[in-house]
Engineer: 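Please see the structure below; I have some questions.
Order of the sequence lines fixes the chain letters, A, B, ..., with proteins taken first and strands second; residue numbering starts at 1 for each chain.
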There are 2 protein chains.
Amino acid sequence: MTAERIRDAAILRFGRDGFAAGLRAIAADAGVTAGLVVHHFGSKDGLRKACDVYVLEVIRSEKTKATTGSPAGMIAQLAEIEEYAPHALYSLRSMQAGGELGNAFVEQMCADAETYLEAGVQAGMIRPSRDPAGRARYLTYQGMGSLLLWMSLRQGPVELDDFRTELRRLSNEITLPALELFTDGLFVDRSMLDEYLLYVSDPPDGSPKP
Amino acid sequence: MTAERIRDAAILRFGRDGFAAGLRAIAADAGVTAGLVVHHFGSKDGLRKACDVYVLEVIRSEKTKATTGSPAGMIAQLAEIEEYAPHALYSLRSMQAGGELGNAFVEQMCADAETYLEAGVQAGMIRPSRDPAGRARYLTYQGMGSLLLWMSLRQGPVELDDFRTELRRLSNEITLPALELFTDGLFVDRSMLDEYLLYVSDPPDGSPKP
DNA sequence: GCCCCGATTGAACAGCGGTTTAGTCTTTGA
DNA sequence: TCAAAGACTAAACCGCTGTTCAATCGGGGC
């Protein structure tokens, strides 16, 4: 079907150039004209919405273990994706641009991370947290955010091959510091944590809650 | 001076709306016309360059302890900035858009983080790392990246007041998980780290280096 | 007093973006 | 076979952008 070809071309283009990509470029990639795109999707925003639901569908169905709960694991496994790199890139662009899919995507990743972390805790591999949801959200934002920062810093188009190879390079660079942090932490003593726990149990101002 | 007023208005506008903001909007904010802006700065890119060097100057002179090396510290201290919030927001936009200032800024933050971490190690508060530079870069990317992700997810303009208050809220949400991670780590045993260290000492393929 | 130079403006220009429209071509169904 | 419906195109339209240009205004030097 032509509409699907347009949608796939749009996913590729949007991933490569961001959502500032023009309809004419997408149409040319799909071998059609700009008018046909809006004929099928109503508008550029309609096209984006169609891409959103499709990508979310693909990711949802293929995320058998797409997230392990740890940022290093996320990135490493993202790097292994060959076939689904376009959808991963498109998702990153969605986060970069904001909007519904971007928010839905990170919310889903936060929820998944919490599930996997809880499983790790039950299996005796991961330390329990005083705020499991907060920890999951924290780790997810840090992991996906660093990825987003990396992509944002390189201005201009992001080629799929570059995406894959650079992702692997990043994964290699990150693995050691992440493993260090995850096994031994950063601080040598618990004074800062204890002070904070004391502070939130009797806060001078009632802003944070335990 | 009028040129300085234009520059300041541009820093505010760019921070609020991103670099897609129009010259006419900036000019209106400064009480002048679009023509005068290019008369003074040559082009929109010239205006952005001028904002870049000025913001970098301000940040450099005022970063007495703008970074502590830890993501939680970064964000918390960024949140305390009242006067320099526009410059912090502009820097975030620079990272979002890529370009020279964005890269220069994170590189500087990585270097600073390494310095502060080393100081913490010398003071006996922070654990030494097998790859201090890599750890500093890792922590910087995670911390700034999560901030960038937060800003990217909210589409539309970012008001200065929202920026400050939301930054504080984020800081409160993050502090506990970060302190937990920094004191105890995430894993209960060292098996994953030991396996990796064994792996990099005799890699099956020569990609990562110890 | 005059003149020149920089600041400043308003309008116009050129290009690109999404969208619209009129028209052609292809398929389909009775 | 014919006509209606939808796929598809080419061109135009319109709003927005950064940029240019001619003209005007306002002081400072000779």
Engineer: To the nearest Å, give me how far apart CZ (B:F41) and P (D:dT19) are.
Structural biologist: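 After rounding, the reported distance stands at 13 Å.
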Engineer: Cationic tip of A:R93 within the cone over A:F19's six-membered ring, i.e. under 6.0 Å and within 45° of the normal?
Structural biologist: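 Checked: cation-pi criterion not met.
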Engineer: Just the rounded figure in Å: distance from C1' of C:dA7 to CZ of B:R5.
Structural biologist: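 Spelled out: CZ on B:R5 to C1' on C:dA7 is 12 Å.
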Engineer: Are OP1 or OP2 of D:dA7 and a side-chain N or O of A:T2 less than 4.0 angstrom apart?
Structural biologist: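 So the side chain of A:T2 is outside the cut-off, no N or O lying under 4.0 Å from OP1 or OP2 of D:dA7.
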Engineer: Roughly how many Å is it from CD1 in B:I6 to C1' in C:dA7, rounded to a whole number?
Structural biologist: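 Those two atoms, CD1 and C1', are 10 Å apart.
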Engineer: Please report the distance, rounded to the nearest Å, between CD1 in A:I26 and C1' in C:dT19.
Structural biologist: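 From A:I26 CD1 to C:dT19 C1': 14 Å.
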Engineer: Any sub-3.5 Å donor-acceptor pair from A:R24's side-chain atoms to A:A34's backbone N or O?
Structural biologist: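 A pair under 3.5 Å: no.
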Engineer: Taking only the side-chain nitrogens and oxygens of B:H39, find out if one of them lies under 4.0 Å from OP1 or OP2 of C:dT8.
Structural biologist: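 Answer is no, no contact under 4.0 Å.
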Engineer: Can you confirm if the NZ or CZ of B:R7 lies within 45° of the ring axis of B:Y54 and under 6.0 Å from the centre of its six-membered ring?
Structural biologist: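 The answer is yes, since B:R7 meets both limits relative to B:Y54.
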Engineer: Where each residue is assigned the nucleotide of DNA chain D containing its nearest heavy atom, which of A:R24 and A:H40 is assigned the position nearer the 5′ end?
Structural biologist: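 Of the two residues, A:H40 wins.
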Engineer: Does a side-chain heavy-atom distance below 4.5 Å link A:F187 with B:L179?
Structural biologist: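 Yes, at least one pair of side-chain atoms sits under 4.5 Å.
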Engineer: Quick one: B:L47 CG to D:dG18 P, roughly how many Å, whole number?
Structural biologist: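 Distance check: B:L47 CG to D:dG18 P gives 10 Å.
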Engineer: Contact class for B:A21 (heavy atom, under 4.0 Å): base, sugar-phosphate, or nothing?
Structural biologist: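 Here B:A21 touches the backbone only, sparing every base.
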Engineer: Can you identify which nucleotide, out of C:dT9, D:dC8, D:dT19, has its nearest atom closest to the B:L23 side chain?
Structural biologist: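 That would be D:dT19.
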Engineer: Which nucleotide in the set C:dT20, C:dT9, D:dT19 lies at the smallest distance from any side-chain heavy atom of B:L36?
Structural biologist: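 Nearest to the side chain of B:L36 among the choices is C:dT9.
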